[in-house]
Amino acid sequence: MIIIELEESIFVEMTTGDSKPCKYTIMHDGEQVAQYETSADPRTAGGRVGLRNIVCRHISSVDKDAIDERLSTEISKNAEPLSNEFGSK
């Protein structure tokens with residue numbers, strides 16, 4: 001499992017899904033606000049945008065551009081753990 005901090009109280013847990021390759025759990029203030037499985041790898045542009053949109057849909061107080069930038073940064077910083085979890089893109 002990879003845990004990415006997007007803001008002080010917003011985290012995304014990424015792990016291999018049961019029915020699809022990627023499973024995301026979005027946490028806000030210590031509570032799960034969304035969980036879903038998808039074929040969209042977070043290392044692809046489409047996967048990152050989809051994840052950003054889910055975060056913004058469930059946590060209305062966030063800035064979309066800031067979340068997108070933070071996702072890009074954190075996904076780059078976690079390239080090796082993401083490869084270990086999801087395989088090569």
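The structure presented is a predicted model; accordingly, all values stated were derived computationally and were not measured. Index from 1, following the sequence. Keep in mind that the numbers below use all heavy atoms, side chains included, and drop hydrogens, waters and symmetry copies.
Atom-to-atom distance recorded for C56:SG and L51:CG is 9.5 Å, nearest 0.5 angstrom. Rounding to the nearest 0.5 angstrom, the gap separating the CD1 atom in I75 from the CG atom in D41 is 8.5 Å.
Checked against side-chain hydrogen bond (donor to acceptor under 3.5 Å, both in side chains), Q35 has the following partners two or more places apart in sequence or in another chain: T25. Applying the ring pair (Phe, Tyr, Trp, His ring centres under 6.0 Å) rule to Y24 yields the partners Y36; only residues at least two apart in sequence or on another chain are considered. P81 meets the side-chain contact (heavy atoms from CB on, under 4.5 Å) test with I2, N78; sequence neighbours excluded. Checked against salt bridge (charged side-chain N to carboxylate O under 4.0 Å, His left out), E85 has no partners two or more places apart in sequence or in another chain. In this structure, E5 has no side-chain hydrogen bond (donor to acceptor under 3.5 Å, both in side chains) partners at least two apart in sequence or on a different chain. Applying the side-chain hydrogen bond (donor to acceptor under 3.5 Å, both in side chains) test to T73 and every residue at least two apart in sequence or in another chain returns nothing.
Hydrophobic clustering (ILVMFWY, side-chain heavy atoms < 4.5 Å, transitive): I4 and M1 are in distinct clusters.
A salt bridge (charged side-chain N to carboxylate O under 4.0 Å, His left out) check over residues 12-24, counting only residues at least two apart or in different chains, returns nothing. For residues 66-89, no pair satisfies ring-ring contact (aromatic ring centres under 6.0 Å, His included), with sequence neighbours left out.
Taking every heavy atom of both residues into account, A40 and C22 meet most closely at O-SG, 3.9 Å. Scanning all heavy atoms of the two residues, the minimum distance from S83 to R43 falls at OG-NH1, 3.2 Å.
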Output a table of donor-acceptor pairs, distance under 3.5 Å, between side-chain atoms of residues 26-34 and any protein atom two or more places apart or on a different chain; print 'none' if there are none.
| from | atom 1 | to | atom 2 | distance (Å) |
| --- | --- | --- | --- | --- |
| D29 | OD1 | S9 | OG | 3.3 |

Let me check something: any side-chain donor-acceptor pairs from residues 59-68 under 3.5 Å, sequence neighbours excluded? List them with distances.
| from | atom 1 | to | atom 2 | distance (Å) |
| --- | --- | --- | --- | --- |
| D63 | OD2 | D65 | N | 3.3 |
| D63 | OD2 | A66 | N | 2.7 |
| D68 | OD1 | R48 | NE | 3.1 |

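Contact annotation: the side chain of V12 never approaches that of E74 to less than 4.5 Å [non-hydrogen atoms, C-beta and beyond].
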TODO: Check the pair R57 / I54 against side chain to side chain contact (heavy atoms under 4.5 Å, CB included), numbers first and verdict last.
DONE: CA-CA 5 Å; R57 184 176 306 135; I54 294 292; 3.2 Å; yes
- [ ] Take R70 and I10 through the side chain to side chain contact (heavy atoms under 4.5 Å, CB included) test and state the conclusion after the steps.
- [x] CA-CA 11 Å; R70 185 68 182 193; I10 302 171; over 6 Å; no
